[in-house]
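For reference, the structure is listed below as structure tokens.
Worth knowing before you read on, the calculation uses all heavy atoms, side chains too, and leaves out hydrogens, waters and symmetry mates.
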Amino acid sequence: MSKEALDAQARQELLRIAEAWYDQMTGGVVPSISLPTRTKQNIAFDETSEVWKYGERESLRSAHSAKSALHLLKMSYVIGFLKQQLAENRSSTLRELYYISEGWKKAKFHAQDESNLLIEDLEILTMLQREAFHLRPEEDGATVFGPIRLKEMTRRGVKEIHCQEDVGEAGYAIPNNVENLEFVDHDAKFVIAIETGGMYARLQENGFDEEYGAVLVHLKGQPARSTRRVLHMIHEKFKLPITVFTDGDPWSYRIYASVAYGSIKSAHMSELLATPRAQFIGVQPSDISDYNLPSDTLTERDVMALKSELSDPRFDTEYWRYQIGRQLELGIKSEQQAFAARGLDYVTKEYLPARLSEMGVL
């Protein structure tokens, strides 16, 4: 879809919400909206798309209550702002939107989390990504390094970039709006998405991308939506295996879950952001004991997070029940760079080839 067509669709969908309120009020009905309940109890696996989506539980926000009426007021201000932004072909960040509301009197947001959630509401109601409204997140996208070629539509025209030959050691920086990207061709065998910058640099320095035909993607911790979208796009276009390499702790398992299963807060976009066939490399809890990795004791917060994952439907598999149970039994966690205790080459010469072979990737 062209930019002009997408802008027109975004304007139309935003106006549709306001028109529905107008019709309700002229018909003598108190204005309201209905939205899915955003909890882990209300996500369900969709067999067709193989991703986790919101279930059937919904919450009604009606102007019958002062709290919900204020929410609808704030949404109407945001719709007006976004409509103007589209008309002027301008863009803004989520943070800027929060500050812009300072002049909206009673419609002012009191925290950025509040404005972020309202934008998610609009995504659900319009079935469009926030980028369609010319809204950008504050965080940068991650980076890509490896044998893959793409085209990017920039303000200065189309650029063709090879993510090994045409970039420096930092790699190709993923833009916020990845819908301007076209993946052209590749000489890769698989993609490895990496949690930490240190491990991303280690694999690059050790020539792992060249030796094994790997596309390296630095997730920068919890991956931005643009990063997850790029992983999805690469898999859809080239059918390359997507693998995820993180630390061995409950927070890192959630990084993998957001890539493979989709996150709870963006379950409405799972078909665009999740890559259900993505495989988890590790660090597995069993790796910590099998490789005798340096480790730290689980904190009380870690233990609570692991137990919470046991009740999370995205982790309701035999594999994850075993691994999480094993970690609770061991009472320890470990970082992916702990493999350096065995030498700087160990992770690329021993661990990853063995683990990827076991997974059927190599």
Indicate the atoms forming the closest heavy-atom contact of [X] with [Y], along with that distance.
X: Leu293; Y: Ser334; answer: CB-OG, 3.6 Å
X: Leu330; Y: Pro285; answer: CD1-O, 3.6 Å
X: Ser308; Y: Ser311; answer: O-OG, 2.8 Å
X: Pro353; Y: Leu362; answer: CA-CD1, 3.9 Å
X: Leu125; Y: Ser34; answer: CD2-O, 4.1 Å
X: Gly282; Y: Asp287; answer: CA-OD2, 4.2 Å

Verify side chain to side chain contact (heavy atoms under 4.5 Å, CB included) between Gln327 and Ile288, making sure each step is shown before the conclusion. CA-CA 9 Å; Gln327 187 150 34; Ile288 301 173; 4.2 Å; yes
When you compare the side chain of [Y] with that of [X], does any pair of heavy atoms fall below 4.5 Å?
X: Ile148; Y: Phe238; value: yes
X: Met75; Y: Ile33; value: yes
X: Leu150; Y: Cys163; value: yes
X: Leu94; Y: Arg130; value: yes
X: Leu306; Y: Leu310; value: no
X: Gln9; Y: Leu128; value: yes
X: Arg229; Y: Glu179; value: yes
X: Ile79; Y: Leu122; value: yes

In plain terms, say whether [X] and [Y] are close enough for a salt bridge, that is, a side-chain N and a carboxylate O under 4.0 Å apart.
X: Arg90; Y: Glu96; answer: no
X: Glu205; Y: Arg202; answer: yes
X: Asp121; Y: Arg61; answer: yes

Are more than 12 heavy atoms, taken from residues, nucleotides or ligands other than [X], located less than 6.0 Å from that residue's [atom1] atom?
X: Glu88; atom1: CD; answer: yes
X: Glu329; atom1: CD; answer: yes
X: Glu300; atom1: CD; answer: no
X: Lys237; atom1: NZ; answer: yes

Same cluster (ILVMFWY, side-chain, under 4.5 Å), [X] and [Y]:
X: Leu356; Y: Tyr346; answer: yes
X: Val29; Y: Tyr22; answer: no
X: Leu15; Y: Leu82; answer: no
X: Trp251; Y: Leu328; answer: no
X: Phe190; Y: Val244; answer: yes

Regarding [X] and [Y], do their side chains bring together a donor and an acceptor under 3.5 Å, going by distance alone?
X: Gln284; Y: Arg355; result: yes
X: Thr348; Y: Asp345; result: no
X: Gln336; Y: Tyr351; result: no

Once rounded to the nearest 0.5 Å, what's the spacing between atom [atom1] of [X] and atom [atom2] of [Y]?
X: Leu14; Y: Phe81; atom1: CG; atom2: CZ; value: 11.5 Å
X: Ile255; Y: Arg228; atom1: CD1; atom2: CZ; value: 11.0 Å
X: Ile194; Y: Leu216; atom1: CD1; atom2: CG; value: 5.0 Å
X: Gln85; Y: Ile100; atom1: CD; atom2: CD1; value: 7.0 Å
X: Lys220; Y: Glu195; atom1: NZ; atom2: CD; value: 13.5 Å
X: Leu344; Y: Asn206; atom1: CG; atom2: CG; value: 7.5 Å

Just by distance, do the side chain of [X] and the backbone of [Y] share a donor-acceptor pair under 3.5 Å?
X: Tyr256; Y: Ala278; result: yes
X: His232; Y: Ala274; result: yes
X: Arg342; Y: Tyr291; result: yes
X: Arg149; Y: Val184; result: no
X: Gln24; Y: Ser32; result: yes
X: His134; Y: Leu86; result: no
X: Arg314; Y: Ala260; result: no
X: Asp302; Y: Thr299; result: yes
X: Ser252; Y: Thr246; result: no
X: Thr243; Y: Gln279; result: no

Do Tyr253 and Phe315 have ring centroids that are under 6.0 Å from one another?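 No - the distance between ring centres of Phe315 and Tyr253 does not fall below the 6.0 Å cut-off.
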Listed by chain and number, what are the salt bridge (Lys or Arg N to Asp or Glu O under 4.0 Å) partners of [X], not counting sequence neighbours?
X: Asp247; value: none
X: Glu114; value: Lys74
X: Lys83; value: none

Side chain to side chain contact (heavy atoms under 4.5 Å, CB included) between Leu203 and Asp209, worked out: CA-CA 7 Å; Leu203 266 61; Asp209 54 302; over 6 Å; no
Under the side chain to side chain contact (heavy atoms under 4.5 Å, CB included) rule, what do Trp320 and Glu309 come out as? Steps first, then yes or no, please. CA-CA 9 Å; Trp320 280 110; Glu309 286 167 0; over 6 Å; no
May I have the step-by-step check of side chain to side chain contact (heavy atoms under 4.5 Å, CB included) for Val215 and His186, ending in yes or no? CA-CA 9 Å; Val215 176; His186 71 93; 5.9 Å; no
Could you check Arg16 against Glu19 for salt bridge (charged side-chain N to carboxylate O under 4.0 Å, His left out), going step by step and ending with a plain yes or no? CA-CA 5 Å; Arg16 182 178 57 80; Glu19 288 167 355; over 6 Å; no
